[in-house]
2 protein chains.
Amino acid sequence: MDDRPGVGRPTLETVARRARVSRQTVSNVLNSPHLVHPETRSRVERAIEVLRYRPHQAARSLRTHRSRLIGVRMEAFGDGINGSILDRFIHALTEVAEGHGYRVLVYTAADDASEIAAYEDLLGTHEIDAFILTSTHRADPRTAWLASRNTPFVTFGRPWDGTEHHSWVDVDGAAGTREATRRLCALGHQRIAFLGWPEGSGVGDDRRAGWEDALRGCGWDPAALVVAGPDGVDEGREGAHRLLDGAVPPTAFVCASDSLALGAIGALSDLGLVPGPDLPVIGFDDTAVARAIGLTSLAQPLGQAAQLCVNLMAALLGTDPDGTSTRPAHHLLRPELVVRATGLGGPPTGHPTATITSARTPTS
Amino acid sequence: MDDRPGVGRPTLETVARRARVSRQTVSNVLNSPHLVHPETRSRVERAIEVLRYRPHQAARSLRTHRSRLIGVRMEAFGDGINGSILDRFIHALTEVAEGHGYRVLVYTAADDASEIAAYEDLLGTHEIDAFILTSTHRADPRTAWLASRNTPFVTFGRPWDGTEHHSWVDVDGAAGTREATRRLCALGHQRIAFLGWPEGSGVGDDRRAGWEDALRGCGWDPAALVVAGPDGVDEGREGAHRLLDGAVPPTAFVCASDSLALGAIGALSDLGLVPGPDLPVIGFDDTAVARAIGLTSLAQPLGQAAQLCVNLMAALLGTDPDGTSTRPAHHLLRPELVVRATGLGGPPTGHPTATITSARTPTS
DNA sequence: TTGTAGGCGTTATCAC
DNA sequence: GTGATAACGCCTACAA
């Protein structure tokens, strides 16, 4: 006569019997509580509690075509310096998503094409509800593909082609480098160099634009000082050397990444120079390396970005799937300047080529 | 008369009609190909191809109680220096798992208790097939919990209590520090210090044991030189200072982490010293920071570890769920010494307290 | 407000 | 070797 407690996993049926109601009522308690009489509801809720019942997502999914799963790509990082910031983003995203009742499914992909193949598989087999894309770039085929399938998605990174029409969150790189450069100007620096990436990279151009802006605002000509190369410590070192060997060596460096900044510090060290108030070096992304070596850097508000991404995604998923869905929305966040030993801690001391040392890395 | 191509997602039924067989036969082609006549099979396979059919995991899961999902915890990293190594592991794991037809679901948890709560939820709602645990430690309640529920799992990190009986993969930290210390001995170093963590941390004790071993093997007494504190750059700096201020300052540092090593380098720098062949500093984990600043370090073979974890997991899942399951197995991998500028590049040059410089970080 | 009927896509069991 | 039937757990009508 009893409902055989403990045999197998509890189902709606088990709960219903225990609470002396029908399956449907239990379902309503879960999905539309307002339809259920308070007294009945609390009786059902107690039964759920006692039986430790949890709705079976597969069964739910079969019926509703919703998995409560969101997909995020795990990227293979280059030198490991900048790679970690995406991991921090995914961590934050996972945490925030859990608060909204979503789980995060990660996958890998070597390029856009294989990422699209992953979408196809994930959508077909697991019925992923939405994707969060990272590392958007020019001529990005992913957004168009997803849009054509009516798959909800949000990008962390704006659509660099301008024509796209979807929800996104991004960090205003230009605002960051602009602020850093302005502050350097205010401290009396005149020859402020920029170490960046080749033109055309969206993120790189953006970060460079901020520096250029600020420098023009101070009345200086930025053209002569910029050096661009791919990302990496060696590239930064080489670029900085080129500038330092020029006729008018810079008195400060603003860099598009911590890797480049680290390279610049290496170049200075090669010349017996040490970064600091007289010779500031500013990186971007506030990576572990920056924290470790005391590099002033621009930090992306990753937690906030993750939060906003999930909010936008939830908005997308909240509306009826066909018909008028929510308007796409964006958020552009300001990076935060984290001041450390390598610069902006105070005004220059007055003797820019200070402290000649023998601090070069020993090479036996 | 036609099977209305393109209407909704293709199902077994769609494929069956197209191949002029029953649903069941299609299912057999997918799950037990050997039961199906080759000719029929290829006909079905073509239909699958043409229709771009993919089995619906939710429906499958409902029937089989298998989700083809494995759970991994995304950890919040401390100083961000060592945190990234777990992310590299998860990346590798995701990639390897995909090769086995599994997807990785990530989740967060603040402590063991909330991680166990996550297990409960994940098992109940998504019917996760297995978990890969990281950061095992003494008195770890997670393994017992999972074992008591008969949930398959593999740990990356050995069971430090010794009594556990499950599959695991780990990196032989002691072997790493032993090798590094031996090589320092061979180069003529006598006073080799160890910067580690407080006793009782499993991983820390292991790494320390290797150093102790090797030092005894060289005929030196390790006791006087060890310094232990929590992990972090500042702790390493302070610890190194204590040693360097002692009666007999060390001529080499072996460290339990790159953070500690970085601290040691800072301490040396405070004294106008620079690490190198005469004054080696060796870190652990080969993090991005190590690569960036040229720190010699011991690298964990994370890709291999991930591969083995998935293999062990697949073995667990391959057996019949009840009855005699596969025996637990382990793998202990050797870390690799990555030699860079801070040491082991060659023999000491003979003047151990070389290159006094003014290389301290400027403090305006 | 509560209960009943049907089906989502798949696989296991059993005939044929 | 192949095909019919039932069931997995849930949700969405609809009826009471």
Side-chain angles (χ1 to χ4, degrees), chain A residues 3-4 7-45 47-48 51-68 101 123-127 129 320-321, chain B residues 3-4 7-45 47-48 51-68 101 123-127 320-322:
Chain A
D3 52 351
R4 303 186 307 157
V7 173
R9 55 160 21 247
T11 74
L12 274 189
E13 181 71 38
T14 325
V15 178
R17 278 214 299 271
R18 169 129 199 152
R20 306 195 166 277
V21 294
S22 73
R23 281 192 317 210
Q24 181 52 26
T25 302
V26 182
S27 176
N28 283 338
V29 169
L30 258 32
N31 303 309
S32 318
H34 59 279
L35 295 180
V36 181
H37 189 83
E39 193 184 322
T40 317
R41 194 199 310 173
S42 68
R43 202 167 71 240
V44 171
E45 277 164 349
I48 289 177
L51 295 169
R52 324 207 86 206
Y53 166 79
R54 287 164 200 276
H56 189 50
Q57 184 54 47
R60 231 175 204 189
S61 198
L62 191 57
R63 208 54 192 106
T64 61
H65 297 287
R66 295 224 157 184
S67 59
R68 301 197 148 276
L123 253 19
T125 60
H126 288 279
E127 288 203 298
D129 287 345
D320 45 1
Chain B
D3 53 351
R4 303 188 307 159
V7 173
R9 63 175 355 262
T11 73
L12 273 189
E13 181 70 39
T14 326
V15 177
R17 278 214 299 271
R18 169 130 199 152
R20 307 196 166 278
V21 293
S22 73
R23 275 191 324 212
Q24 184 52 27
T25 300
V26 180
S27 176
N28 283 337
V29 168
L30 257 32
N31 302 308
S32 317
H34 59 279
L35 294 180
V36 181
H37 189 85
E39 194 183 320
T40 317
R41 193 198 315 173
S42 68
R43 202 167 73 238
V44 171
E45 277 163 349
I48 289 176
L51 295 168
R52 323 205 83 206
Y53 164 78
R54 287 165 200 278
H56 189 46
Q57 184 55 46
R60 234 176 202 188
S61 197
L62 189 58
R63 207 54 193 115
T64 62
H65 298 287
R66 297 223 156 186
S67 59
R68 302 196 148 274
L123 289 171
T125 61
H126 289 278
E127 287 201 298
D320 45 0
D322 48 4

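Hydrogens, waters and symmetry mates are skipped; everything else that's a heavy atom, side chains included, is used. Order of the sequence lines fixes the chain letters, A, B, ..., with proteins taken first and strands second; residue numbering starts at 1 for each chain.
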So CZ of B/Arg17 and OG of B/Ser22: to nearest 0.5 Å the spacing works out to 13.0 Å
Considering only heavy atoms from C-beta outward, does the side chain of B/Arg66 approach that of B/Glu127 to under 4.5 Å?
no
Calculate the interatomic distance between B/Arg54 atom CZ and C/dT10 atom P; express it in whole Å.
13 Å
Measure the NE2-CZ distance between B/His126 and A/Arg60 for me, rounded to the nearest 0.5 Å.
9.5 Å
With rounding to the nearest 0.5 angstrom, report the CG to CD1 distance, B/Leu51 to B/Ile48.
9.0 Å
How close or far is atom C1' of D/dG9 from atom CD of A/Glu13, stated in whole angstroms?
10 Å
How long is the line joining CG of A/Leu30 and P of D/dC11, in whole Å?
7 Å
Between C/dT2 atom P and A/His37 atom NE2, what is the distance in whole Å?
7 Å
Are A/Arg63 and D/dG9 close enough that a side-chain N or O sits under 4.0 Å from OP1 or OP2?
no
Can you tell me how far P of D/dC11 sits from CD of A/Gln57, to the nearest Å?
9 Å
Nucleotide C/dT11, atom P - distance to CG of B/Leu62 in whole Å
11 Å
Name the nucleic acid region contacted by A/Leu12, choosing base, sugar-phosphate or nothing; use a 4.0 angstrom heavy-atom cut-off, strictly under.
sugar-phosphate
May I ask you to list the residues of residues 21-28 of chain B, by number, that have any heavy atom positioned under 4.0 Å from an atom of DNA chain D?
B/Val21, B/Ser22, B/Arg23, B/Gln24, B/Thr25
Report the distance from atom NE2 of B/His56 to atom P of D/dG9, rounded to the nearest whole Å.
16 Å
B/Gln57 CD to A/Leu62 CG distance, which is reported to the nearest 0.5 Å:
11.5 Å
Rounded to whole Å, NE2 of A/His65 lies from C1' of D/dT12 at a distance of 12 Å
What is the minimum heavy-atom distance between B/Val29 and B/Pro33, and which atoms define it?
O-CG, 3.4 Å
Once you round to the nearest 0.5 Å, how far does CG of B/Leu12 lie from OG1 of B/Thr25?
10.5 Å
Side-chain donor-acceptor distances from residues 36-44 of chain B under 3.5 Å, at least two apart:
{"residue": "B/Ser42", "atom": "OG", "partner": "B/Glu39", "partner atom": "O", "Å": "3.0"}
{"residue": "B/Arg43", "atom": "NE", "partner": "B/Ala19", "partner atom": "O", "Å": "2.9"}
{"residue": "B/Arg43", "atom": "NH2", "partner": "B/Ala19", "partner atom": "O", "Å": "3.1"}

Here's a test of your reading of the structure: between B/Leu35 and B/Ala59, which maps to the more 5' nucleotide of DNA chain D?
B/Leu35
Side chain of A/Thr40 only, heavy atoms from C-beta on: which candidate in C/dT10, C/dT2, D/dC11 is closest?
C/dT2
The reported gap from CZ in B/Arg23 to CG in B/Asn28 (rounded to nearest 0.5 angstrom) is 12.5 Å
Angle between the end axes of the helix from C/dT1-D/dA16 to C/dC16-D/dG1, five pairs per end, to the nearest 10 degrees?
40°
